[in-house]
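Worksheet for the structure shown next.
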Amino acid sequence: MMDTQILDPSDRNLRLIAAHLHNGNVAGMPTETVYGLAANAFNVNAVIRIFETKERPKFDPLIVHISQPVDNKINIAYLEFLNLINPEKTDARTRKKTDTLIHTFWPGPLTIILPKNPAVPDILTSGLTTVAIRMPKHPVAQKLLKCFGGPLAAPSANRFGRTSPTTAQDVLSELGGRIEFILDGGKCDVGLESTIIHLGDDGNTYLLRPGVITKEEIEAVINEKLLYSDLSIAPGMLKSHYAPSKPFYMLPAIVDQLNDKQINNVLNKIHKKNIKLGLLAYSGDANSIAKKFKKITTLETNIAVLSETGDPKEAARNLFAFIRSLDQSDADILFTEPCPVSEGLGYAIQNRLRKAAND
Ligand code: TXA
Ligand code: MG
């Protein structure tokens, strides 16, 4: 066990952490989506440290984070210059599509998967011939990347399978004692991990993970329909993910719309008396939700509402933080409403809830 320090992003601390990373160590870093656990992307041993620190299986590849170029010319040539992608494996159409996408969405929460350059360690990509790349928008992430002077591999800074951290304090509760430094960039603005797309060598574009940049927005920019990828393309997309440590069940409908049969099914999950429940609600006010939840159970229930007004951006920002706080509360069993919004960002929220919930 080592001491873990949360450091504010002063120039001195940025230099300290950059040097720490150059020495092959890992550190917690803020991004606009969730906090990452960073290491030098081109240092095999440093990348291995990420897997060990997170207890992440080696078959789950990492995302490489890059700095915004000073001339702000964000194009595929920059990715080649950084030795991340393989120009010989990208045809003219893919190059054009990549340029359009990264020009539009970078810096920002979009991760793009492209043919990897041999210089990228195989361990980083779990032996795949492709590499996932993103240019984060968070100013502190950008400062660290510039100060470090090269690409940083960074998965979300949680123990494998657990809820992604959206504050420096969350990183501390996930990885405290295992890392020396966490760079504090405040609460993450987006709250959900980046949207991931794969530019396939069949010319199609696949959506691997939904996020705040929506399928519809991407389709409009590339003038092409996104396909849903099958699991074999995304080895890390395990069904169970983002999970709190307590039992966490998804209600079959929002509390307002549950029928008697569904309520009975829920009751069957609560066999014990004298326990406390936790409920993650999507919208509305906690008092009236509590009243309605009483038709299910008289057990005491802690309620967290993602967004009183039902604003998907606010709900996304609060999602992991509220799952975490219910998990840390005195509730014994947790429930969540399904996300009632199915398009756009609602789709990404429901994707995370489904993976976090037990069957
Ligand atoms: O917003 C984010 O993307 C955050 C912040 C820290 O940048 N990072 C993040 O990393 O969510 P992580 O490791 O938790 O999720 C990365 C996902 C994994 O599920 C992995 O399987 C997938 O990206 N991935 C990475 N490289 C891939 C590749 N070459 N092909 C398919 N999937 C890949
Ligand atoms: Mg993760």
Side-chain angles (χ1 to χ4, degrees), residues 26-39 41 47 50-51 53-66 84-86 89 105-117 120-138 140-142 144-145 151-166 170-171 174-175 182-183 185 188-201 206-213 229-243 316 320 348 351-352 355-356:
V26 297
M29 144 177 114
T31 82
E32 71 277 24
T33 57
V34 300
Y35 273 71
L37 181 66
V47 171
I50 291 181
F51 286 96
T53 306
K54 282 193 57 148
E55 298 170 57
R56 181 180 175 114
K58 300 269 187 346
F59 60 74
D60 192 2
L62 308 177
I63 296 175
V64 176
H65 296 66
I66 59 174
L84 291 174
I85 67 164
N86 189 340
K89 296 271 164 68
F105 295 113
W106 281 4
L110 178 70
T111 295
I112 301 188
I113 294 176
L114 286 163
K116 121 189 207 318
N117 189 295
V120 177
D122 289 327
I123 179 108
L124 188 152
T125 63
S126 302
L128 296 174
T129 55
T130 53
V131 60
I133 308 168
R134 97 175 186 92
M135 186 182 286
K137 200 187 178 100
H138 197 297
V140 175
Q142 280 299 329
L144 181 65
L145 283 159
L152 290 171
S156 50
N158 48 276
R159 280 167 287 155
F160 184 70
R162 294 290 177 196
T163 311
S164 302
T166 52
D170 292 349
V171 181
E174 285 290 325
L175 303 176
I182 302 165
L183 185 57
C188 299
D189 190 43
V190 174
L192 289 188
E193 303 86 347
S194 59
T195 306
I196 305 182
I197 56 174
H198 178 204
L199 303 199
D201 51 18
Y206 296 88
L207 179 67
L208 270 61
R209 182 172 70 186
V212 69
I213 294 179
S229 131
D230 71 41
L231 290 174
S232 61
I233 308 181
M237 304 292 163
L238 300 180
K239 203 181 153 293
S240 167
H241 222 106
Y242 315 113
F320 290 138
N351 166 274
R352 302 307 193 277
K355 289 186 183 213

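No hydrogens, no waters, no symmetry mates; every other heavy atom, side chains included, goes into these values. Numbering of ligands and ligand atoms starts at 1, following listing order.
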Query raised in the report: With a 3.5 Å cut-off and no angle check, do the side chains of Arg134 and Thr31 form a donor-acceptor pair?
Result: yes

Query raised in the report: Do any N/O atoms on Glu193 end up under 3.5 angstrom from N/O atoms on ligand 1?
Result: no

Report task. Indicate yes or no: does an N/O atom of Thr33 lie under 3.5 Å from an N/O atom of ligand 1? Result -> yes

Query raised in the report: Hey, is Lys116 touching ligand 1 through its side chain, its backbone, both or neither, going by heavy atoms under 4.0 Å?
Result: neither

Query raised in the report: Would you call His65 a ligand 1 contact, heavy-atom distance under 4.0 Å?
Result: yes

Query raised in the report: Within less than 4.0 angstrom of ligand 1, does His198 place any heavy atom?
Result: no

Report summary line: Taking only non-hydrogen atoms of Leu128 and a 4.0 Å limit, the atoms of ligand 1 in range are 28 (C), 29 (N), 30 (N)

Query raised in the report: Taking 2.8 Å as the cut-off, does an N/O/S atom of Ser156 lie below it from the Mg ion (ligand 2)?
Result: yes

Requested in this report: Decide whether the shortest distance between a heavy atom of Thr125 and an atom of ligand 1 is less than 4.0 Å.
Outcome: no

Query raised in the report: Is the backbone of Cys188 close enough, under 3.5 Å, to the side chain of Tyr35 for a donor and an acceptor to pair up by distance?
Result: no

Query raised in the report: Which ligand 1 atoms does Thr130 reach within 4.0 Å, using its non-hydrogen atoms?
Result: 28 (C), 29 (N), 30 (N)

**Report entry** Atoms of ligand 1 close to Leu208 [distance to a heavy atom under 4.0 angstrom, numbered from 1]
**Finding:** 31 (C), 32 (N)

Report task. Heavy-atom contacts with Ile196 under 4.0 Å: which atoms of ligand 1 show up? List them by number with element. Result -> 17 (C), 23 (O)

Query raised in the report: Short list, please: which atoms of ligand 1 are under 4.0 Å from a heavy atom of Ser194?
Result: 1 (O), 2 (C), 3 (O)

Query raised in the report: Do Ser194 and Thr33 get their side chains close enough for a donor-acceptor pair, meaning under 3.5 Å?
Result: no

Query raised in the report: Can you check whether Pro210's main-chain N or O pairs, donor with acceptor, with Thr195's side chain at less than 3.5 Å?
Result: no

Requested in this report: Answer yes or no for Arg56: is there a heavy-atom contact with ligand 1 below 4.0 Å?
Outcome: yes

Query raised in the report: Do the side-chain N and O atoms of Ser164 and Glu193 include a donor-acceptor pair separated by under 3.5 angstrom?
Result: yes

